[in-house]
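Contents: one structure, followed by commentary.
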Protein chains: 2
Amino acid sequence: MSMPLHLSISEQLRRQIIGGEYQPGEQLPSEAQLVERFGASRTTIRQAIANLISQGLAASHQGKGVFVTEQRKVTYSLSSPMVFLEADMAQQGISFVAKRLEAGLVDVPEASQHLFSTPQVFWQKKLLEINGAPGALDLTYLPPEFGEFFSDHSTHQMTFPVLEQHGISIERIEAVLECTYADPEESVYLEVPLGHPLIVYRHTAFTTENRPVAYGETISRGDRFCYSLEIRRGA
Amino acid sequence: MSMPLHLSISEQLRRQIIGGEYQPGEQLPSEAQLVERFGASRTTIRQAIANLISQGLAASHQGKGVFVTEQRKVTYSLSSPMVFLEADMAQQGISFVAKRLEAGLVDVPEASQHLFSTPQVFWQKKLLEINGAPGALDLTYLPPEFGEFFSDHSTHQMTFPVLEQHGISIERIEAVLECTYADPEESVYLEVPLGHPLIVYRHTAFTTENRPVAYGETISRGDRFCYSLEIRRGA
DNA sequence: CAGTGGTCTAGACCACTTG
DNA sequence: AAGTGGTCTAGACCACTGC
């Protein structure tokens, strides 16, 4: 077998996890136990565990152990007729809390410079907690005059419903979905290791008059979220 | 500074990369050089490099070195009016080749058991090469009677145009987008390390009579692809 | 051949969690 | 205090690349 030892070990453990021998949430044997079981050095065992973690099969917690990860994901629905993210969560029976981390006027970010006519925009950073655990970061950029809609009483609300309450109707959204990797800041907020896969939903919302009214990014843990959508031919 | 040494080193290198001091495609200093520059052991230097790789900032190649990664992504468009993936690529001026890896009759996969009435379905596995480099794996499951549409002359064509040529019109697609991690098989085909982030487009296509005619998965390198879409209110 | 990254070992010490 | 994972070292050997 020309396979490196650490890979051979992680593959054996992988088969046991996929085969259900180690259940989701269950603790794997400790490093010391694996050293004995496979007769390899601790470094090699740790490399094997790192392989499992990078494949999303396990997660380690200092002082506690390494545990098989749960694989269930929460689905954001983007289908037409357009539904807003937050309304969806309730339908799935999932507790959903948005906590405002920061807010204020900032310079227009590069990615949305063509959308705003003012040099500064109102900006909000929110942490979305799903079933009590941090799941996503949400960044919103709005024309400065909309800032007053988001005073303290609405810090826990999402963006689109608040706009609708003030008579601003969203007609169309242009969006991009992509994978990124947790940078040091994101890894702290989302409680994931550096480089953990994230799924980013980047969108621009337009009114009926085709005027851009909001730019936003939802940065979610890639291991906990996915997006569903429906595409129709004619539209 | 209470930050681990390997993190402190990778953060310094990260700032240099983001600041443009090391350009995309450029080679980073060798491990030996970094050992000298930071006065750390080779293990710690390798850990720092691993941090950069996990953040998608660098990629290593045995015998050659570690290189700063290019960050440009190819966009799949899912917007309405519905366009097929392959037609999009041409519009972006990107060379796009699909190579058939395997094909034949297989048992209906679990994820699509409710879609097919036959116990077996026609299955194709294709490798999509973008600008000469492997970029995505495409798995397609079709009713067995459609298998004959995909004889040797069309191995390099995509699925939907072939169906249209045979008078089968796709009206609606239900899809899910999610992140996954490269398993050993995917890592070989896509030439990425184990655990590399992937973006998966999982879809079911329906005809005008609302009959499911195709189930498929497009598994793309998360560092090279993203999806764009448009959502309209009324639809 | 020299230079690069990849694998592996043995051992020390630290930080966190649990009883 | 005992057990867990996290950090770090020094050193050996291997595999691949390019001149």
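A, B, ... follow the sequence lines: proteins, then strands. Residue 1 opens every chain.
- Here the P atom of nucleotide D/dT4 and the CD atom of A/Glu26 are 15 Å apart, to the nearest Å.
- Contact annotation: the side chain of A/Ile173 never approaches that of A/Leu78 to less than 4.5 Å [non-hydrogen atoms, C-beta and beyond].
- The nearest whole Å value for the distance from the NE2 atom in A/His6 to the P atom in D/dC14 is 17 Å.
- Rounded to a whole Å, the CE atom of A/Met3 is 17 Å from the C1' atom of C/dC8.
- When the nearest nucleotides of DNA chain C are assigned to A/Ile45 and A/Lys64 by heavy-atom distance, the more 5′-ward of the two goes with A/Ile45.
- Listed nucleotides D/dT9, C/dG5, D/dG5 differ in distance to B/Glu31; the shortest reach to its side chain belongs to C/dG5.
- Between B/Arg46 and C/dG5 there is no side-chain N or O to OP1 or OP2 distance below 4.0 Å.
- Rounded to an integer number of Å, the gap from CD of A/Gln33 to P of D/dT4 is 6 Å.
- Using a 4.0 Å heavy-atom distance criterion, B/Ile49 is classed as making no nucleic acid contact.
- Residues A/Tyr181 and B/Leu57 fail the side-chain proximity criterion, which asks for heavy atoms closer than 4.5 Å.
- Between the side chain of B/Gln33 and the main chain of B/Ser30, a donor-acceptor pair closer than 3.5 Å is present.
- Note on A/Thr44: a side-chain N or O is less than 4.0 Å away from OP1 or OP2 of C/dT9.
- As a whole-Å value, the separation of A/Leu34 CG from C/dT9 C1' is 17 Å.
- Rounded to an integer number of Å, the gap from CD of A/Gln27 to C1' of C/dT18 is 12 Å.
- Between D/dT4 and A/Ser60, no contact under 4.0 Å exists linking OP1 or OP2 to a side-chain N or O.
- Distances were taken from every side-chain heavy atom of A/Gln62 (C-beta onward) to each of C/dA15, D/dA15, D/dA10; the shortest belongs to C/dA15.
- When the C1' atom of D/dG6 is taken as reference, atom CG of A/Leu194 falls 15 Å away, rounded to whole Å.
- Within the 4.0 Å cut-off from OP1 or OP2 of C/dT4, at least one side-chain nitrogen or oxygen of B/Ser30 is found.
- For the residue pair B/Asn51 / B/Gln47, a side-chain donor-acceptor distance below 3.5 Å is found, with atom types taken as modelled.
- In this model, the phosphate group of C/dT9 is not approached by any side-chain N or O of A/Arg42 to a distance below 4.0 Å at OP1 or OP2.
- At least one side-chain heavy atom of B/Ile45 sits under 4.5 Å from a side-chain heavy atom of B/Phe38.
- The interatomic distance linking B/Gln47 (CD) with C/dT7 (P) rounds to 14 Å, in whole Å.
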